[in-house]
Participant: 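Questions regarding the structure given below will be posed in turn.
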Amino acid sequence: MARTAKAAPTVGIVSLGCPKALVDSERILTRLRAEGYDISPDYQGADAVIVNTCGFLDSARAESLDAIGEALKENGKVIVTGCLGAEENVIRGAHPNVLAVTGPHQYEAVMEAVHSAVPPRHDPFVDLVPEAGVRLTPRHYAYLKISEGCNNSCSFCIIPSMRGKLASRPVHLVLREAEKLAEAGVRELLVISQDTSAYGVDLKYEPHVWGGRERRTRFFDLAEALGELDVWVRLHYVYPYPHVDEVIGLMASGHVLPYLDIPFQHASPDVLRAMRRPAAQEKTLSRIHRWRAECPELAIRSSFIVGFPGETEADFQMLLDWLEEAELDRVGCFKFEPVEGAAANDLPGAVPEEVKQERFERFMEVAEAVSARRLEARVGMETEVLVDAVTEEGAVARSKWDAPEIDGVVHLPGGSDLEPGDLVAVRILATDGHDLIAGPILAGEDAADDDWDL
Ligand code: SF4
């Protein structure tokens, strides 16, 4: 059965107060956009409204309470945050019907209130952030959306018709947002778009000044400038266009993480042609080998579709062989599904469901074996990891080779004194085939097991 794309849930935001409050609003907006929410410029178009309040002066408090009243009258579903939110009794005294009240910088609580008022929609064929990613994003990493829409016309995809042509954000605006996120304590930026390597084509790579230098609105310049911020920079949704080669140097020199998320989707030239994939050239394998020669640490994650209309057993076998040779670190796989409005639905040669399932299982078996081999090769390495969560037994972190939610983790037994957001030097001790286990790098034989080098 064909799937229908539902309209995105929509949230409005009224932002009052000082520049710090504005940063909070921008941060909330970034989260909302990364999770697939649309932003409404008016009350009527919104499913709920967030009012970011100010509590500094009496006049600002009165203005905030008035703004909440107006939002309740015009929309009805109101979530209050910001400085006056620290005084919940004042707000509830004046407006008992607000849905939630949170204080300043409480992004997670705001997102939680939004999720319960207007549940997020997830569509694996359309969304940039994985389903698990709609959970609360910890404060130490953030998605940085650099463009909307897409100029390609992949036959299985309806994003260009839903979200329009590529519309890049000018480079200085993206960099300013990145800077603010870094200043707010974010340690890792995840660059997302529908086609990151095409960034700026629509703006003819227009230059802007940032950090005292001219930067073009272009993939390489953006990656280079982000690499100047003192944070991890991870690149998602990159296509293997020739100019991607330039960015590998930034990875080799440590400016951006040695990680590329490239949705290859298939390896058979016939299937790629039917999919109308961009950069579907046959030399991708030699490109990957060259990238790895230049940056041996490089991890590549990708996603694939099996059972695409017309995919033969020979095409599928070609995909399996390619996967073995490409040695991809992390791989996701979808069985082809017709999305209402997609050109691929009219292609001949529909693959029966049981064949799709069988190919999916064979594909995942190979992908998991390759992934386990790649992890095994990391055992013994010294590296830096970013702590995501801490329990009584230890900490759960991620390496440079793993994006949140979609890849694996690094378990740090005994790391219970660490804190989320810490960057820690570790030695990889073992792997369970999906995740890594690591310990502190010991200064000497007598160093204690919990001697974590922060
Ligand atoms: S590159 Fe293809 S799959 Fe990705 S958004 Fe554009 S049209 Fe869709």
Side-chain angles (χ1 to χ4, degrees), residues 2-8 33-38 121-131 133 143-169 190-203 218-219 222 234-244 247 260-282 284 287 300-311 319 328 330-347 403 406:
R3 296 155 66 254
T4 312
K6 285 174 272 169
R33 296 298 293 127
E35 293 188 9
Y37 287 90
D38 274 349
R121 178 209 56 177
H122 181 72
D123 183 338
F125 280 79
V126 175
D127 287 355
L128 290 166
V129 179
E131 186 162 21
Y143 293 95
L144 184 67
K145 192 159 189 174
I146 60 171
S147 61
E148 288 283 355
C150 178
N151 282 349
N152 301 311
S153 48
C154 301
S155 58
F156 54 83
C157 177
I158 54 165
I159 282 176
S161 61
M162 275 175 60
R163 300 200 176 157
K165 291 275 182 203
L166 178 75
S168 303
R169 298 174 61 205
L190 300 114
V191 175
I192 56 169
S193 71
Q194 304 296 346
D195 181 354
T196 296
S197 31
Y199 174 62
V201 173
D202 53 314
L203 297 180
R218 193 167 190 272
F219 178 50
L222 175 70
R234 193 180 294 283
L235 302 173
H236 287 277
Y237 309 98
V238 174
Y239 288 95
Y241 300 120
H243 69 272
V244 171
V247 173
L260 271 180
D261 175 5
I262 307 181
F264 287 112
Q265 307 297 16
H266 215 282
S268 152
D270 287 345
V271 178
L272 287 169
R273 243 188 314 279
M275 288 179 165
R276 295 199 230 130
R277 292 295 287 165
Q281 36 123 339
E282 285 146 49
T284 309
R287 305 274 303 287
I300 302 177
R301 114 136 347 240
S302 189
S303 58
F304 293 85
I305 297 174
V306 294
F308 191 77
E311 181 193 61
L319 172 59
L328 301 187
R330 301 282 183 185
V331 168
C333 183
F334 295 101
K335 288 174 276 179
F336 173 76
E337 257 186 72
V339 179
E340 192 169 289
N345 305 353
D346 301 328
L347 291 174
I406 51 175

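Order of appearance sets the numbers: ligands from 1, and atoms from 1 within every ligand. One is the number of the first residue; the rest follow in order along the sequence. Here the structure is a predicted model, which means the values were calculated and not measured.
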Participant: Atom CD1 of Ile159 and atom CG of Asp195: how far apart are they, to the nearest 0.5 Å?
Facilitator: 11.0 Å
Participant: Let me confirm one number: the OH-SG distance from Tyr237 to Cys150, rounded to the nearest 0.5 Å.
Facilitator: 13.0 Å
Participant: Is atom 2 (Fe) of ligand 1 under 2.8 Å from any N, O or S atom of Cys154?
Facilitator: yes
Participant: Where is the nearest protein heavy atom to atom 8 (Fe) of ligand 1: which residue, which atom, and how far?
Facilitator: Cys157 SG, 2.3 Å
Participant: Would Phe336 and Phe308 count as a close aromatic pair, with their ring centres under 6.0 Å?
Facilitator: yes
Participant: When you measure from the side chain of Asn151 to the backbone N and O of Leu166, does any donor-acceptor pair fall under 3.5 Å?
Facilitator: yes
Participant: Could you tell me which atoms of ligand 1, counted from 1 in the order shown, lie closer than 4.0 angstrom to a heavy atom of Arg277?
Facilitator: 2 (Fe), 3 (S)
Participant: For atom 6 (Fe) of ligand 1, decide whether Cys150 has an N, O or S atom at a distance under 2.8 Å.
Facilitator: yes
Participant: Going from CZ on Arg277 to SG on Cys154, what distance comes out if it is rounded to the nearest 0.5 angstrom?
Facilitator: 4.0 Å
Participant: If you measure from each heavy atom of Tyr239 to ligand 1, is any distance below 4.0 Å?
Facilitator: yes
Participant: Verify, without hydrogens or angle tests, whether Arg330 (side chain) and Ile406 (backbone) share a donor-acceptor contact under 3.5 angstrom.
Facilitator: no
Participant: How does Asp195 reach ligand 1, by side chain, by backbone, by both or by neither, if only non-hydrogen atoms under 4.0 Å count?
Facilitator: neither
Participant: Find all atoms of ligand 1 within a distance of less than 4.0 Å from any non-hydrogen atom belonging to Pro160, and give their numbers and elements.
Facilitator: 7 (S)
